[in-house]
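Note that ligands are numbered from 1 as they come in the structure, with each ligand's atoms numbered from 1 the same way. Everything quoted here is computed from the prediction, not taken from an experiment.
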Amino acid sequence: MKQFFSPADLGDLHKAFQEALEIKNNRYSHVELGRNKTLLLIFFNNSLRTRLSTQKAAMNLGMNVIVLDVNQGAWKLETQRGVIMDGDKSEHLLEAIPVMGCYCDLIGVRSFAQFQNKADDYSEAIINQFIKYSGRPVFSMESATVHPLQAFADYITIEEHKTVERPRVVLTWAPHPKALPQAVPNSFAQWMVAAGYEVVVANPEGYDLDPQFTAGATLTHDQDEALRGAHFVYAKNWSAYDDPNYGKVLSKDMNWTVSAEKMALTDNAFFMHCLPVRRGMIVTDDVIEGPRSLVIPEAANREISATVVIKRMLESL
Ligand code: CP
């Protein structure tokens with residue numbers, strides 16, 4: 001596997017789940033695979049889970065790990081081509097990327113949507129430059145439009161907890177004070193459809209996601225209708241995708257907060273969220289702390305999803 005952005009990169013998801021279980025049972029079983037290999041993790045944005053779980057995954061595989069926070073200690077990077085660099089940006093990404101590629105065997109990149117230009121964001125302009133100019137296999141640690149390591153961990157978590165073959169999995173928008181990217185909901189919808197589940201996406205009007213990611217899901221603007229009979233409820237905020245409101249907050253409607261009353265509409269559903277989460281906005285304390293909350297198992301499975309992905313990339317070096 002030379003890159004990792006979508007479920008198609010993993011191939012058969014059931015096989016990937018079996019591989020994840022094997023690694024979970026013995027996470028050091030491939031510790032020789034990464035000996036004398038180096039993983040470079042590049043963060044343009046903050047992270048807790050991705051930073052820790054991806055480093056741990058690389059250590060499970062015996063790799064050396066270098067972490068670079070681009071905005072702390074590195075030269076400030078220009079990302080646009082054709083500009084006169086007379087401002088505060090000292091280095092261009094087009095030199096920095098091949099230099100980074102000199103020091104490693106694999107690269108993981110976290111680079112959120114910037115909400116300045118939808119075409120740039122949805123063409124994955126930053127991470128595609130890493131693919132083109134680094135000379136190394138590259139995986140997304142949440143890029144402008146996708147968060148596949150999270151979605152793979154969510155898939156593993158649902159497979160571990162489901163009690164019916166084809167669960168009803170509901171992705172619901174929930175309120176948040178700031179504009180957030182669409183990467184997590186895009187990938188979640190895409191992966192859950194690829195898994196063969198019954199997938200419902202519920203959001204207020206104006207928040208419909210890019211159809212390329214929700215194809216195969218049922219779309220609704222009625223959260224209560226979506227929640228009825230749900231086996232898994234995945235809450236997430238995202239900003240508007242459609243023009244002319246791309247990247248904007250259009251609503252903070254607290255009627256969309258996932259509460260005990262909302263969960264009572266479901267078929268005793270599990271609650272899921274990728275974290276970090278704003279309590280009282282996205283979800284109430286009693287739901288996230290309750291016995292059906294899977295937020296910690298999901299986070300734990302980030303180590304497992306990353307181990308499978310890095311293992312597959314090492315195998316194809
Ligand atoms: N879920 C997730 O990606 O968390 P971080 O932003 O903390 O890495």
- Residue pairs passing the side chain to side chain donor-acceptor pair (under 3.5 Å) test with at least one member in residues 189-204, sequence neighbours excluded, are E159-Y197, R168-E198, N203-D208
- Query: Should side-chain heavy atoms under 4.5 Å link Ile, Leu, Val, Met, Phe, Trp and Tyr, which residues sit in the same cluster as F112?
  - Reply: none
- Query: Do the charged groups of K15 and E19 touch, with an N to O distance under 4.0 Å?
  - Reply: no
- What residues come within 4.0 Å of ligand 1, counting heavy atoms only? S47, L48, R49, T50, R110, H147, Q150, C274, L275, R302
- Donor-acceptor under 3.5 Å (K24 side chain, R27 main chain): no
- Task: Could you tell me whether E298 and R49 have a side-chain N and a carboxylate O separated by less than 4.0 Å?
- Result: no
- Can you name the residues that form a side chain to side chain contact (heavy atoms under 4.5 Å, CB included) with T220, not counting sequence neighbours? V200, A202, D222, E225, A226
